[in-house]
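Taking it in order: structure first as structure tokens, then the write-up.
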Amino acid sequence: MADNLLDIRNLRIEATVYPPGEKPRDIVIVDDVSLSLERGKVLGLIGESGAGKSTIGLAAMGYGRGSIRLSGEVWLNGRDILKGGVRDMRALRGREVTYVSQSAAASFNPAKRLMEQIVEAGLEHGVGTRRELEDRAVRLFGELGLPEPENFGRRYPHQVSGGQLQRAMTVMALVPEPGLIIFDEPTTALDVTTQIDVLAAIKKAIRTTGVAAIYITHDLAVVAQVADDIMVLRHGRMVECGSAGQIIAAPREDYTRALVSVRSIEHEEKSPGGEPVLVAEGISAAYGNRVQVLKDVSIEVHPGQTLAVVGESGSGKSTLARVITGLLPPFAGAVRFAGRRLAPALAERSREDLRELQMIYQMADVAMNPRQTVETIIGRPLEFYFGLKGRRKRDRVVELLDAIEMGAEFIDRYPAELSGGQKQRVCIARALAAKPKLVICDEVTSALDPLVADGILKLLLRLQAREDVAYLFITHDLATVKAIADSIAVMHRGELVRYGPKSQVLSPPFDAYTDLLLSSVPRMEIGWLEKVLATRRMESAGN
């Protein structure tokens, strides 16, 4: 125990919650969790949303958000930091322990240059002079593969990519030379290709500096690349803890085995039959008069089938969806739907056009009115398109809730009373309420935990088989593509670089970009990251 940098003993974290329409009540977020971390080692905390991962990570800094109450012991560098006062905590955070958040874009001040923010904590704690801290930052820029290390810090946050900004935040955490860094989902919001670069940078930084780290994530394949040991959490309690090799190769608990096997959906490719429900021909589009985002893109989707549109951020996937839905009229090309030509602009389309072409968005939280009940949210298209009201509308909402495997007990709940997966299911039910011929799914599982995302994909496949609805599925995750697609369109910098049936697109020989995408899907394999970096044929766009 004397060699441990961090010892957490019998940690219990409670909070008071205020559910809408109910009396306040106390809940337990973390229940009797203990862990130890040696200097220079990495502990991975894995589990679905609500498991307590981030709360434990913040407790290692002596931090509890809002009305959270911490009890137990948190020993860092030989002292129980929970017994310290406000002054002790301020001296600790940003010096002995630092934090890397999930969203670097939301963590940097857009009005200040990167270097000014990166050295701020070191100056505040008197770690070194400004020149010494800037020299240390420049060296770390180079070690983490950031472009033009000498000049990188002069940029503003909006002038770098998401992957570069995440690495800059890692530099910010390393500059004060802490003993412990908390990495809280640092790659979750990134493309799989950019994720590889950031993971490699984090792993190199840990190895070269000797810092200890807690790495929080919901993706077991990702944490297996950087962690020495892994603790699996569920509902605030420890399920299992062991070496990364043991957790991956020989998990002892059923829940851990479910996490290991989560990417195992097998979807048999269907051959197209009949006339396509959607045909996009020679689509070219731009934002304003400056940036051309789509360049002569042509695709088609057949009834009861799924076309996956895949590529990195900025490849034009979501822009293609905006053109199809009429939110962005193209300057060249046309969209045909159910045998008729669609008007380029949404305002010019008929109610039948709107009904038959629905969309499910990435962030269910912002796609629903928080002041409306589930019945109102799902019932709106029933009333708008079919004129259903009263008992008939409520009965149909219950049918749709049964179809998405939630049931009538959710009908009077508000979005705040639903989990992330339940919110996305409600959005699916709302789209299905219109009885569409095609549903555009824009990254609908990227913000969800793997187990929850797995359930959403299986639900979509079951609904497709029953309703014969077609999907245009936009994603950057090839594991999702393999699980749900019949055909695939690979996009890169606004162009279609590979297109056809899934079996054909996923069969070699591959172009360099498709090879990059396929090789970047994390595998449940120790040492996989190093193999990928040694064999990749091109850099990601985020690099």
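Below, all heavy atoms of this structure are taken into account, side chains as well, without hydrogens, waters or symmetry copies.
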Heavy-atom pair of closest approach, residues Ser36 and Asp7: OG-OD1, 2.5 Å
Smallest separation among heavy atoms of Glu38 and Ala212, with atom names: O-CB, 3.6 Å
Side-chain touch Val74/Leu6, heavy atoms, less than 4.5 angstrom: yes
Rounded distance [0.5 Å steps], CG in Asp88 versus CG in Leu82: 12.0 Å
By side chain to side chain donor-acceptor pair (under 3.5 Å) - contacts of Arg207 (at least two apart): none
Backbone N/O of Leu5 and side chain of Arg39: donor-acceptor pair under 3.5 Å: no
Pair Tyr255-Glu48, side-chain donor/acceptor within less than 3.5 Å: yes
Check: Leu140 and Leu146 side chains under 4.5 Å, non-hydrogen atoms: no
Residues in side chain to side chain donor-acceptor pair (under 3.5 Å) contact with Asp31, at least two apart in sequence or another chain: Arg12, Arg237
With Ser419 via side chain to side chain contact (heavy atoms under 4.5 Å, CB included) - residues at least two apart: Gln422
side-chain contact (heavy atoms from CB on, under 4.5 Å) between Ile360 and Tyr471, intermediate numbers included: CA-CA 10 Å; Ile360 305 171; Tyr471 297 140; over 6 Å; no
Exam field: side chain Gln164 to backbone Gln166, donor-acceptor pair closer than 3.5 Å: no
Residues which pass side chain to side chain contact (heavy atoms under 4.5 Å, CB included) with Leu123, listed by chain and number, not counting sequence neighbours: Val119, Arg130, Leu133
N/O donor-acceptor pair under 3.5 Å between Thr98 side chain and Ala173 backbone: yes
Ser243 and its side chain to side chain contact (heavy atoms under 4.5 Å, CB included) partner, picked from Ile248, Ile526, Asp229, Ile230: Asp229
Check: Arg93 side chain, Met61 main-chain N or O, donor-acceptor pair, under 3.5 Å: yes
Stepwise salt bridge (Lys or Arg N to Asp or Glu O under 4.0 Å) check, Glu96 with Arg79: CA-CA 12 Å; Glu96 294 181 59; Arg79 69 189 188 283; 2.6 Å; yes
Donor on one side chain, acceptor on other, Ser107 and Ser101, under 3.5 Å: yes
Exceeds 12 heavy-atom contacts within 6.0 angstrom, atom CZ of Arg90: no
Test side chain to side chain contact (heavy atoms under 4.5 Å, CB included) applied to Met491 and Val309, Thr319, Val497, the passing residue: Val309
Expected output: side-chain Ser315 to main-chain Glu312 donor-acceptor under 3.5 Å: yes
Residue pairs involving residues 122-146 (criterion ring pair (Phe, Tyr, Trp, His ring centres under 6.0 Å); sequence neighbours excluded): Phe141-Phe152
Flag if over 12 foreign heavy atoms under 6.0 Å of CD, Gln246: yes
Main-chain N/O of Lys482 paired with Lys502 side-chain donor or acceptor, under 3.5 Å: yes
Audit row: Ile440, Ile474, side-chain contact (heavy atoms from CB on, under 4.5 Å) steps and yes/no: CA-CA 8 Å; Ile440 298 176; Ile474 297 169; 4.1 Å; yes
Name every donor-acceptor pair, under 3.5 Å, that has one atom in a side chain of residues 361-370 and the other anywhere in the protein, sequence neighbours excluded.
unit_1 : atom_1 : unit_2 : atom_2 : d
Gln362 : NE2    : Ser446 : OG     : 2.9
Asp365 : OD1    : Lys423 : NZ     : 2.5
Asn369 : OD1    : Arg371 : N      : 2.9

Minimum heavy-atom distance Leu320-Ile299, with the two atoms named: CD2-CD1, 3.8 Å
For Val293 against Tyr287, the heavy-atom pair lying closest together: CG2-CD1, 3.3 Å
Check: Lys53 side chain, Leu233 main-chain N or O, donor-acceptor pair, under 3.5 Å: no
Pairwise side-chain contact, Val222 with Leu199, heavy-atom cut-off 4.5 Å (strictly under): yes
Any donor-acceptor pair under 3.5 Å from Gln225 side chain to Trp528 backbone: yes
Pairwise distance CE(Met169) to CD1(Ile118) - rounded to 0.5 angstrom: 10.5 Å
Side-chain heavy-atom pair Ile202, Pro186 within 4.5 angstrom cut-off: yes
Ser487 side chain reached by Leu307 side chain, heavy atoms, under 4.5 Å: yes
Side-chain (Arg69) to main-chain (Glu14) donor-acceptor, under 3.5 angstrom: no
Nearest heavy atoms of Ala213 and Leu37, plus distance in Å: O-CD2, 3.7 Å
Heavy-atom donor-acceptor pair, Gln424 side chain to Val444 backbone, under 3.5 Å: yes
Shortest non-hydrogen contact from Arg95 toward Glu177: NH1-O, 3.2 Å
Exceeds 12 heavy-atom contacts within 6.0 angstrom, atom NZ of Lys458: no
Beyond-backbone contact of Phe473 with Leu460, side-chain heavy atoms, under 4.5 angstrom: yes
